[in-house]
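In what follows, every chain begins at residue 1, and chains take the letters A, B, ... in the order their sequences are listed.
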Amino acid sequence: MNITKILSDKYSSMRKAFGFQGWWPLLELHDKGINPAKSGSMKGYHPKDYSYPKNDSQRFEICLGAILAQNTSWSNVEKALMSLKSRRLLDAKRLLSADEKIILEAIRPAGYYNQKYRKLKIFTEFYIALDGKTPSRDDLLNLWGIGPETCDSILLYAYKKEEFVVDTYTRRMLKGMKLIDNSWTYDDVKELFEDNLPRDYKMFQEYHALIVERGKRMKVK
DNA sequence: AACCAGGACGTGA
DNA sequence: TCACGTCATGGT
């Protein structure tokens, strides 16, 4: 049994069970009826539409969401993002010049707010210096506060780069399938997907989103 | 009321 | 290198 078939079969079965996901969720799509089948924390998805982000504002929102989502439930991240948006701080330059207390207040619901405040500022300075260009993976990883998963999430969903995202749900699923054990590093797992699947950012986006959807439904208890 | 959530970093051995 | 502690809010 080759790995390619195992991984593509898994993708097919999850897509059949859960449908197209349409990540990354965006705030402004919440109440636009783009995906009426989804509700609650699953608003903001845009299934079968891979044209996002459509502008710099959406791209920046994805980046901040990826940082705020570290070890945190998405519903809490949404609260922080909506709070930032209502303060008009979902904008790189405005965020940099904003008062620290205002930002802390806005992102508090996402938890770890002192660390995440620092991470947001460091990333935002980097983001502005990019001036619209796509960052390299190494440059992102060298930023304090950007680890491998956040890095690949940003590259895959904000920049459409073919980087497979590995999170705890991914590891849990692969362990259940007896494909990996605890000795596998982040890069080992990432390469397992990238070396055995077609290099297609749309499929990578869907695959990771499906793994998360599966993870959310199969609670650990 | 403990446990988890779409991790990353700092430390000591 | 690696196992472990820390960071923190909100839902179940």
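Between the CH2 atom of A/Trp74 and the P atom of C/dG11 there is a distance of 16 Å, rounded to whole Å. Between A/Tyr186 atom OH and C/dT1 atom P there is a gap of 19 Å when expressed in whole angstrom units. Following rounding to the nearest Å, A/Leu68 (CG) and B/dA5 (P) show an atom-to-atom distance of 18 Å. Taking atom CZ of residue A/Arg118 and atom P of nucleotide B/dC9, one finds them 10 Å apart after rounding to whole Å. When the P atom of C/dT12 is taken as reference, atom NZ of A/Lys216 falls 13 Å away, rounded to whole Å. Look at CG on A/Asp188: it is 11 Å from P on C/dC2, rounded to the nearest Å. The distance between atom CG of A/Leu156 and atom P of B/dG6, rounded to the nearest whole Å, is 17 Å. Atom C1' of nucleotide C/dT9 and atom CD1 of A/Ile107 are separated by 12 Å, given to the nearest angstrom.
Side-chain N/O atoms of A/Thr150 include one lying less than 4.0 angstrom from OP1 or OP2 on B/dA8. Remark: A/Arg172 is in phosphate contact with B/dA5, judged by side-chain N or O atoms under 4.0 Å from OP1 or OP2. Residue A/Ser75 places no side-chain N or O under 4.0 Å from the OP1 or OP2 atom of C/dG10.
The pair A/Lys190-A/Glu163 meets the salt-bridge criterion, with a side-chain N (NZ, NE, NH1 or NH2) lying under 4.0 Å from an Asp/Glu carboxylate O. Under 4.0 Å is where a charged nitrogen must lie from a carboxylate oxygen, and between A/Glu213 and A/Arg217 at least one such pair does.
In summary, the side chains of A/Ser12 and A/Asp9 do not present any donor paired with an acceptor at a separation below 3.5 Å, with no hydrogens or angles considered. Side chain to side chain, A/Glu28 and A/Gln58 meet the donor-acceptor criterion of an N or O pair below 3.5 Å. Side-chain contact of A/Tyr157 with A/Asp152: a donor-acceptor pair under 3.5 Å is absent, judged by distance alone. No donor-acceptor contact under 3.5 angstrom links the side chains of A/Lys5 and A/Ser8, judged on distance only. If you check the side chains of A/Arg87 and A/Ser83, you find a donor sitting under 3.5 Å from an acceptor.
You'll find that the side chain of A/Trp144 is closest to B/dG10, out of B/dG7, C/dT9, B/dG10. In the set C/dG11, B/dG7, B/dG6, C/dG11 carries the atom at the smallest distance from any side-chain atom of A/Lys79.
Residue A/Leu143 is classed as a sugar-phosphate contact, given heavy-atom separations below 4.0 Å to backbone atoms only. A/Ile211 comes within 4.0 angstrom of no nucleic acid atom, judged by non-hydrogen atoms across all strands. Looking at heavy-atom distances under 4.0 Å, A/Thr168 makes contact with sugar-phosphate atoms alone, never a base.
Place A/Gly145 and A/Ala66 on DNA chain B by their nearest nucleotides, and A/Ala66 ends up nearer the 5' end.
Ring stacking holds between A/Trp23 and B/dG6, with the centres under 5.5 Å apart and the planes within 30 degrees of each other.
Comparing C/dC7 with B/dG6, their P atoms sit 22 Å apart, to the nearest whole Å. Comparing the P positions of C/dG5 and B/dC4 gives a spacing of 15 Å, expressed to the nearest Å.
Of the listed residues (A/Leu156, A/Leu155, A/Val165), just one forms a side chain to side chain contact (heavy atoms under 4.5 Å, CB included) with A/Phe204, and that residue is A/Leu156.
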Q. What string of B, S and - do you get for nucleotides 3-8 of chain C, 5' to 3', when a contact is any protein heavy atom under 4.0 Å?
A. ----BB
